[in-house]
Amino acid sequence: MVETKKILWMLKKDLIVLWRHKPRLMSIIIFPILMIALFGYGMGGTIENVPVVIVKQSDGPVTDATLNAIKDMSFYNVKDIIGDPQRGKEMVESGQVKAAIILPSDYEDLNSSNAKSVVTYVDSSDQMAAQTLIPTTQGLFNQISAQIGMKKLEALNSQSQAIQVQSQGVQNTSTLGAVNYQNIMNSINFQINKIYGDIKYIDFLVPAILAMTIMMGAMFSMGEALAGERERGELARLFMTPTSVATVVGGKIISKLTIETARAILLIFAAIVLFGITINGSMVLTILLLVLSALCFVGFGIMVSARVSTQEDYTQMVMPFTMPMMFVSGVFYPIETMPWIFQKIAYIFPLTYANDALRGVMLKGAGIGDVWLDIAVLAGFTLLFFALGVTRFNRDI
């Protein structure tokens, strides 16, 4: 027979325990809201505010109309308008912008029958952004080309009506118009130059999957390594021996760092064998970045586990950080798909910098000088996490 009072007592007891564990309670409340927001805005969003630079080599109404058309589209975020095509290309290569749209020097010449060549350099290492940027830009210039062509036709028709010709002459002019009509309408020849060649989605995905795997493995394994051992009483028995906190923490760091680095190297070789992934940069630098990323997330795990008494508390505290990092840091989708507030939040997560550095080395062939800022930020996060974790570590919980 079901004893209602005892059931209600057990419910009350569990609620009291939950109330006493404030981190776990806050996680239960906040985590579902975060997930709904990230799924709704992140994975269901559209790419907007893609940073581009425009290179204009002439001045006039056609150039001005083109610039206004680009600026009026929410898809583009025009970072600068310059006059040097080489500088525009360098801005794409350095990662300052996703594309450089180069308008030719004869862009204002409407009398020429030759099509104007508009060249666009695209950062193809960001496969998702490039996949949207190319057709969007091509469609825009197809519209501009058609508008220029219509203006040319109107000008030719006005000239034809103003000039009196004989019937034979009219026939010849009509034939000439029929021959040149396609050239007139195709006023712009749109060219795409992919800086890093054709990048498949799997190529774009693998570096971030490596970083994400390192993050998940390091952070969740630290829950078992410290919070779990504390809950089972293993740490208490260890501290009964002449063992310092530094020794325990150092041992956990080395063991988890070794395991996670080995896991990452295994994933790299699996990606190479199964999917034909090519690492365009240094393999040594790639591994060093993975080691630094693992060290950073191990430090985060130590920081969180330093003050919690149970593994369940640790898990509830870590989840509101790990899941948002997966969606906001550009693992599956570019950061540009996010609302502006999430784009800003992305840059306070270490996973964003790990993804950027690994993609730079693996896809672009970047050297240490190109990703030094990502390395510096990851190192800063690592020092902060370890400092907080070691100084706040409570051996008596």
Side-chain angles (χ1 to χ4, degrees), residues 23 27 207-232 234-235 238-239 243-268 284-326 328-329 331 348-358 361 371 374-395 397:
S27 176
I209 290 295
L210 290 173
M212 186 188 72
T213 302
I214 287 287
M215 177 197 73
M216 299 291 286
M219 292 175 69
F220 282 104
S221 64
M222 288 308 300
E224 193 280 330
L226 287 177
E229 290 184 8
R230 177 182 282 130
E231 184 178 8
R232 294 190 297 271
E234 295 174 15
L235 277 184
L238 180 62
F239 283 130
T243 304
S244 65
V245 171
T247 300
V248 173
V249 173
K252 295 299 182 184
I253 292 171
I254 293 173
S255 64
K256 295 305 174 185
L257 189 61
T258 302
I259 293 171
E260 296 308 322
T261 302
R263 189 210 305 260
I265 294 173
L266 179 62
L267 282 173
I268 289 177
V284 173
L285 181 56
T286 300
I287 294 174
L288 289 176
L289 285 171
L290 291 172
V291 171
L292 177 58
S293 300
L295 194 61
C296 180
F297 293 118
V298 165
F300 186 92
I302 289 175
M303 180 184 69
V304 175
S305 61
R307 305 296 297 182
V308 298
S309 57
T310 68
Q311 189 170 349
E312 184 178 359
D313 283 348
Y314 176 88
T315 301
Q316 292 295 336
M317 290 182 65
V318 164
M319 287 292 283
F321 293 96
T322 56
M323 297 303 288
M325 270 198 282
M326 286 174 54
V328 174
S329 299
V331 175
I348 65 174
F349 288 140
L351 184 59
T352 299
Y353 301 94
N355 289 342
D356 188 62
L358 286 169
V361 174
V371 296
D374 294 317
I375 294 174
V377 174
L378 283 172
F381 273 118
T382 302
L383 292 174
L384 175 64
F385 294 154
F386 278 115
L388 293 174
V390 172
T391 57
R392 297 174 66 248
F393 192 89
N394 191 338
R395 58 185 289 169
I397 292 180

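- At distances below 3.5 Å, at least one donor-acceptor pair connects side-chain atoms of N355 with backbone N or O atoms of S329.
- Atom CE of M325 and atom CE of M212 lie 11.5 Å apart (nearest 0.5 Å).
- Taking CD1 of I268 as the reference point, atom CG of L290 lies at 5.0 Å (rounded to 0.5 Å).
- A centroid separation of less than 6.0 Å is found between the aromatic rings of F321 and F300.
- Taking all atoms of both residues into account, the shortest heavy-atom contact from A354 to S293 is CB-OG, 3.5 Å.
- Closest approach of P350 to F385, counting heavy atoms only: CG-CE1, 4.4 Å.
- Partners of A357 under the side-chain contact (heavy atoms from CB on, under 4.5 Å) rule, at least two apart in sequence or in another chain, are L289, V371, D374.
- Rounded to the nearest 0.5 Å, atoms CZ (F297) and OG1 (T322) are 10.5 Å apart.
- Distance CD1/I259 to CD1/I214: 11.0 Å, rounded to 0.5 Å.
- The CG atom of L378 sits 11.0 Å away from the CG atom of L383 when rounded to the nearest 0.5 Å.
- Here L267 contributes atom CG and L210 contributes atom CG; the two are 5.5 Å apart, rounded to the nearest 0.5 Å.
- Between I375 and Y353, the closest side-chain pair of non-hydrogen atoms is not below 4.5 Å.
- Of all the heavy atoms in L295 and F386, the pair that sits closest is O-CE1, 3.5 Å.
- M219 and V318 get closest at one heavy-atom pair: CE-CG1, 3.8 Å.
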